[in-house]
Amino acid sequence: MSAPAPAERRPGPLAGVRVIELAGIGPAPFCAMMLADSGATVLRIDRPDPGPGPAPDRPGPGRPAPDRPGQARPEREFLNRGRQSVVLDLKHPQAVDALLRLVDVADVLLEGFRPGVTDRIGVGPEVCLLRNPRLVYARMTGWGQQGPLAGTVGHDIGYIARTGALHALGRAGGPPQFPANLLGDFGGGGMVMAYGICAALVERATSGRGQVVDTAIVDGVASLLAMPLMLMAQGQWRDEHGVNLLDGGVPWYDVYETADGQWMAVGALEPRFYAALTDGLGLTDPPDRADPRNWPQLRELLAARFKDRTREEWTATFAGTDACVEPVLSLTEAAADEHLTARQTYVTRDGFIQPAPAPRFSRTPGELPDPAPVPGQHTLEALTAWGLADAADLVACGAAVQT
């Protein structure tokens, strides 16, 4: 089947790439957001609304959050922005057939279920690649498709714990500290998945063949640990947290409280940056930082000095210098920051702050896509645009749902 033209060609370097996303939560939707931000046509396949009943503890794949105060509305679902939504009941044979016909004209299918789930539904990689040998079939899991833990449930904190990343984070003598779910779900998961999809698409341009992209969060996190592992191999990193160059082990790469209870971040690694730091702080004869025995005294000295002024005053002091000292801003403050505002790093739509598409492209720039759809909002429209002439029949028999 030849691919029908998309209803609307979006700008960006991935314009013309057609992606089917089997709805999930967390890293896979983030990957789909990145692809949509770069111009891909992403069709999200949501599950039918389960109807009234006890609310789950957390939203399931394709299921909106329970109706309670603060419930996520479509305009607040930033991870789901930039695509159309079709609801298919994949327990219905005609819905499975419809999905496979969508696969026939797709470039990418991405899913984030446990190993074996899509195979049981009848839309696993073997079936899909047999129908469409050019398909890039991208799979997102925490533990990977194989291994003793492959079928085990998990979350970001567990994945970074097993890989050693969590052990590397925190203050010396204290417990490990986790960076929300940024490191596992999004850094090692969704972003690596997006890279894998783009790499497979580049390879397909030469070979003409698709392939399976097995994205495991544990694998992605391990790749992010390349530098600490390299430094450890070179004898420059100890396998514990809070004692190394980039984890708060040295006084000149740390955060310090200010007079108003705010914080400044210091990253004065190189000698000339360190000189600018001590000059800005007014320290005329600080202890020699080359001698680790001086570090406790130096840290106390820096801490006491930063407590003398407010964050705003220190920000002004170090503005335009090479000290590598910056204010620690809240998410709300960051959205109003002069530099980030000039770059439009954050944008506000419908009264809510969200990140702009990244990275930037000079010749094929993307744009902030439309807000997330309501599940099933585009069922008839999108199925028809993707070449399924029987869209109305699928809705009539309950295989699909139009909201």
Side-chain angles (χ1 to χ4, degrees), residues 10 12 14 17-49 56-66 71-88 90 99 102 106-114 117-118 123 136-142 153-156 159 180-198 213-217 220 349-350 352-358 366 368-378 382 403:
R10 300 184 58 242
L14 295 181
V17 174
R18 299 164 66 89
V19 179
I20 297 172
E21 173 198 6
L22 300 186
I25 56 175
F30 174 66
C31 170
M33 183 199 83
M34 293 188 68
L35 300 179
D37 284 357
S38 291
T41 298
V42 181
L43 183 64
R44 181 178 171 96
I45 308 299
D46 281 297
R47 293 179 179 180
D49 189 330
D57 290 335
R58 60 180 295 176
R63 183 182 303 139
Q71 174 188 359
R73 309 294 182 190
E75 66 273 13
R76 305 183 195 184
E77 293 278 3
F78 305 147
L79 295 184
N80 295 337
R81 71 190 186 190
R83 50 261 218 198
Q84 293 183 315
S85 170
V86 166
V87 167
L88 291 178
L90 295 179
L99 177 55
L102 295 174
D107 297 293
V108 178
L109 182 146
L110 69 87
E111 55 97 352
F113 301 119
R114 287 198 220 178
V117 170
T118 56
V123 295
V136 173
Y137 195 111
R139 321 188 81 174
M140 167 66 66
T141 58
V153 299
H155 283 296
D156 178 291
Y159 306 138
N181 64 337
L182 302 179
L183 177 56
D185 283 349
F186 297 104
M191 197 161 289
V192 170
M193 188 187 210
Y195 162 76
I197 289 170
C198 291
V213 178
D214 174 6
T215 307
I217 292 174
R349 173 183 280 175
D350 299 320
F352 302 107
I353 301 165
Q354 59 181 295
L368 186 68
D370 294 334
V374 173
Q377 178 179 340
H378 306 101
T403 56

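The OG1 atom of Thr215 lies 10.0 Å from the CD atom of Glu111; values are rounded to the nearest 0.5 Å. The line from CD of Gln354 to CZ of Arg349 is 6.0 Å long, rounded to the nearest 0.5 Å. Atom SG of Cys31 sits about 3.5 Å away from atom CD1 of Ile197, to the nearest 0.5 Å. In this structure, the separation between OH on Tyr159 and CG on Asp185 is 7.5 Å, given to the nearest 0.5 Å. Distance CE/Met34 to SG/Cys198: 8.0 Å, rounded to 0.5 Å.
Shown here for Gly220 and Val192, the closest heavy-atom pair between the two residues is CA-CG2, 4.1 Å. The heavy-atom pair separating Gly184 from Asp156 by the smallest distance is N-OD2, 2.8 Å. Heavy-atom minimum distance, Ala23 versus Asp46: CB-OD1, 3.3 Å. Looking at every heavy atom in both residues, Pro355 comes nearest to Leu368 through O-CD1, 4.1 Å. Shown here for Met33 and Leu79, the closest heavy-atom pair between the two residues is CB-O, 3.5 Å. Across His378 and Pro373, no two heavy atoms sit closer than the pair CE1-CB, 3.4 Å.
Inter-residue side-chain proximity for Ile20 and Leu99 is flagged as met; some heavy-atom pair is nearer than 4.5 Å. Looking at Met140 and Ile217, their side chains come closer than 4.5 Å, going by heavy atoms from C-beta outward. Proximity of Arg83 to Val19: side-chain heavy atoms (C-beta onward) are nowhere separated by under 4.5 Å.
In terms of modelled atom types and a separation under 3.5 Å, the side chain of Thr403 and the main chain of Gly376 share a donor-acceptor contact.
With Gln84 as the fixed residue, the side chain to side chain contact (heavy atoms under 4.5 Å, CB included) test singles out one of Asp370, Thr41, Leu43: Leu43. Just one residue in the list Leu109, Val123, Leu88 forms a side chain to side chain contact (heavy atoms under 4.5 Å, CB included) with Ile45, and that residue is Leu88.
Classification of Arg81 and Asp37 as a salt-bridged pair holds, one side-chain N sitting under 4.0 Å from a carboxylate O.
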Please assess Leu90 against Arg47 for the test side chain to side chain contact (heavy atoms under 4.5 Å, CB included), listing each intermediate value before the final yes or no. CA-CA 8 Å; Leu90 295 179; Arg47 293 179 179 180; over 6 Å; no
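Taking the side chain to side chain contact (heavy atoms under 4.5 Å, CB included) definition, one finds that Ala216 meets it with Thr141, Val218, Asp219, sequence neighbours left out.
Other residues, nucleotides and ligands place more than 12 heavy atoms under 6.0 Å from the CZ atom of Phe78.
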